[in-house]
Amino acid sequence: MELLFRLVVLSSLVCHVCFAEPSVYQVGAGIADVTGPAADINMMGYANPAQLSAGIHTRQYSRAFIVDDGLQRVVFISVDCALMDQVIKTEVSRRLEAKYKGVYSAKNVVISGTHTHSGPGGYLQYVLFLVTSKGWVQQSFDALVQGIVQSVERAHDNMIPANIYYANDILIDANINRSPASYLNNPSWERAKYTYNTDKDMVQLKFVSTADGKPIGVINWYAVHCTSMNNTNPYISSDNKGYAGLLFEAEINGPDIMPGKGPFVAAFASTNLGDVSPNTMGAKCLDTGLPCDFVSSSCNNRTQLCIAFGPGKDMVESTKIIGDRQFQKAWNMYDVANTELEALEGPVQFAHQFVDMPNYNVEVQDPVNGPTMVKLCKPAMGYSFAAGTTDGPGAFDFTQGVTSPNDFWNLVGSALVEPSEEVKQCQSPKPVLLSTGEISWPYAWHPDIVETQILRIGQFLIAAVPGEFTTMAGRRLRDALNSEAINNGGPSSVKTVIAGLSNGYTHYITTFEEYQIQRYEGASTIYGPHTHSAYLDQYRKLTKSIFKNEAVDAGPTPPFLLDDQISLVPGVVFDRPAFERKFGDCLVQPYPFVRPNETVTATFVAGHPRNNLMLGNTFMTVEAKQSDNSWKVIRTDAHFDTFFFWERTSAVGQSEAHLRWIVPADTPEGEYRISHFGHYKNIDTSVVPYYGTSQSFSVGA
Ligand SMILES: *[C@@H]1O[C@H](CO)[C@@H](O)[C@H](O)[C@H]1NC(C)=O
Ligand SMILES: *[C@@H]1O[C@H](CO)[C@@H](O)[C@H](O)[C@H]1NC(C)=O
Ligand SMILES: *[C@@H]1O[C@H](CO)[C@@H](O)[C@H](O)[C@H]1NC(C)=O
């Protein structure tokens, strides 16, 4: 007894910062493939109708984490996709509820998109989000729903007793503000509280088994857009955050475990990245090389010419650098003794409510009249929305029609109406381009009812928000929730992280002051100038309900529009090989000798990638010959140094797969080969697997 007492005293003397005893939670982590159709589908994010998928650079994954304190359970899921949508959240919740009755529901599950702009679209339930994808894409939806559910199932099956540790640090050189003119409109006293005009804070949770100290996973939050890959990229890519996750997972799981297969799961999740770009060299005019106009981010009045670049020489290198910087910092935060970190301690709780945003009433401080009640607006987009951003300028103006033929737009565009006086006044000073809240044909264009949700793990709060909060909007929300928690009996060590693009999508949320500038982010704050005030009010209410242990009502039910969707993207008709060729034939063999740092290429007769998405599988491998003459897979299409590119070579169903492997500097000398896997479709619609393997080549100095 006395010895134990002395040990406790001793250990509390040696720790630098002394925290309470870590709580033991039941924790599980799971990862599953959600990669969408790798050909012919519009990428979600830039709204560039010309950006169609044509291969894979890195796969998209869903990473799920379950935490249970013995009484309550929460699930946080980060998905490599542009944004989460109501229809996916609802469908995933339904399937989980059906399989695990009373365990999971929309209320305790958060699904957050990483915001990669290089994932196939067409999985969102409101009309506006489907314009550039030409409507609904069932395969994108199915891949996401199945994979997200699977990641939760895996996490569920892996649950073990664990401690959770919190760490935070600063990462300077991986983000910049892309709308500094808006940021500068925030009050100077408020800006003076911060060194930077973006959040440089990185926050990380580390999950460690209590039985053997083995790592289970990490969740990392850092504010930056996944727009390192630009709006000309045809490869599916999880962008900088996905790459950071792959690096971390490979570090723990080891190089022999292929991406997406290991037990350790590292999610790099989105947060208040609304005005935050990874293109750290900033924007310049493409024609003159001079800085863009500061307020409008245009050159000669043309936004298309003002584009941000860097830090790499091309977009792949930029993705690599920004991903690597996030990983390096995250690793530094992880690779320390757990006693140096702050353990999470206390109960698991959650609060959830649907809210009718256009009818939300909130008290704001009017400079003339003092406290005043205001009502939010029906959703609408402003003119600057069509202009896009310096990460990806608007490819077309909705009012001018699109630049390429688009049957979906021809169909739904006729429903556009002039904004009513009510909407114009409510949204002022936003000049309304699209009065989406006033159109309901063929079904709703934008959400009215949104999902608001907070998860609590001890002193840590995850505020899941349905959109992109800007830097200052996010700072105000975190501060407000930390104070609200403390004022209602929460621990003084409480800390809030914002989980961006969660559960549903409502574009941007700027501060009232930023809204006045009406750049892209303000133009995309859809419920009007007081949107942010309403969210502050709503998330305070949820926080209070958690710490007072008072239930909130469910709120109104959002529409579920799965059956209303219109799909105009044609499917695969049939495939056929070139004359006297078979599927899987290697048309161009790799060069027989390569050195490290060189690129191996091979071309195969291919079928259409949409015949089978190869989920949990791969369209390509690189194999190394072993001493017993067997072949061992060392690369799949999910690795960062491989590229699978698909090309249609004729109008009558012929196509080719171009495979690339950039041989790493540390590749052992030896024999290697590269293979392509796929499925082709016959005229009778039967789908048949095929594969082909190249001649071997040797890697040597
Ligand atoms: C840009 O547009 C504004 C407003 O339409 C106009 O006043 C200005 O002259 C234009 N500038 C250039 C360089 O064309
Ligand atoms: C995209 O990046 C590539 C380099 O990887 C560059 O050549 C191209 O100009 C960029 N395009 C845009 C629109 O940023
Ligand atoms: C490969 O590239 C790295 C980094 O650019 C360089 O340090 C290394 O010397 C190169 N190795 C060979 C064999 O060319």
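As the structure is a computational prediction, the values presented were derived from the model and not from experiment. Both counts, for ligands and for their atoms, begin at 1 and track the order of listing.
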Please say which of T667, T621, V594 ends up in a side chain to side chain contact (heavy atoms under 4.5 Å, CB included) with W661. T667

Test side chain to side chain contact (heavy atoms under 4.5 Å, CB included), reference P278, set T319, N175, N240, I176, output is N240

Taking the basic N atoms (NZ, or NE/NH1/NH2) and the acidic carboxylate oxygens, is any pair closer than 4.0 Å for D256 and K632? yes

Going by the 4.0 angstrom heavy-atom rule, the piece of D314 near ligand 2 is both

Within a distance under 4.0 Å of any heavy atom of I307, pick out the atoms of ligand 2 and give their elements. 13 (C), 14 (O)

Look only at interatomic distance and state if T232 has a nitrogen or oxygen under 3.5 Å from any nitrogen or oxygen of ligand 2. no

Quick one: CZ on R673 to SG on C586, what's the gap to the nearest 0.5 Å? 12.0 Å

At under 4.0 Å between heavy atoms, which part of N231 makes contact with ligand 2: side chain, backbone, both or neither? side chain

May I have the step-by-step check of side chain to side chain donor-acceptor pair (under 3.5 Å) for S237 and S118, ending in yes or no? CA-CA 5 Å; S237 166; S118 295; 5.0 Å; no

Would you say M315 and ligand 2 have an N/O pair spaced under 3.5 Å apart? yes

Which label fits Y334 and F264: parallel for a plane angle under 30°, tilted from 30 to 60°, or perpendicular past 60°? perpendicular

Identify, with sequence neighbours excluded, every residue that meets ring-ring contact (aromatic ring centres under 6.0 Å, His included) alongside F643. H57, Y235

As a test of reading the model: which residues have a non-hydrogen atom less than 4.0 Å away from ligand 3? N597, A665

Between Y515 and the options T510, I509, N185, T470, the side chain to side chain contact (heavy atoms under 4.5 Å, CB included) test singles out T510

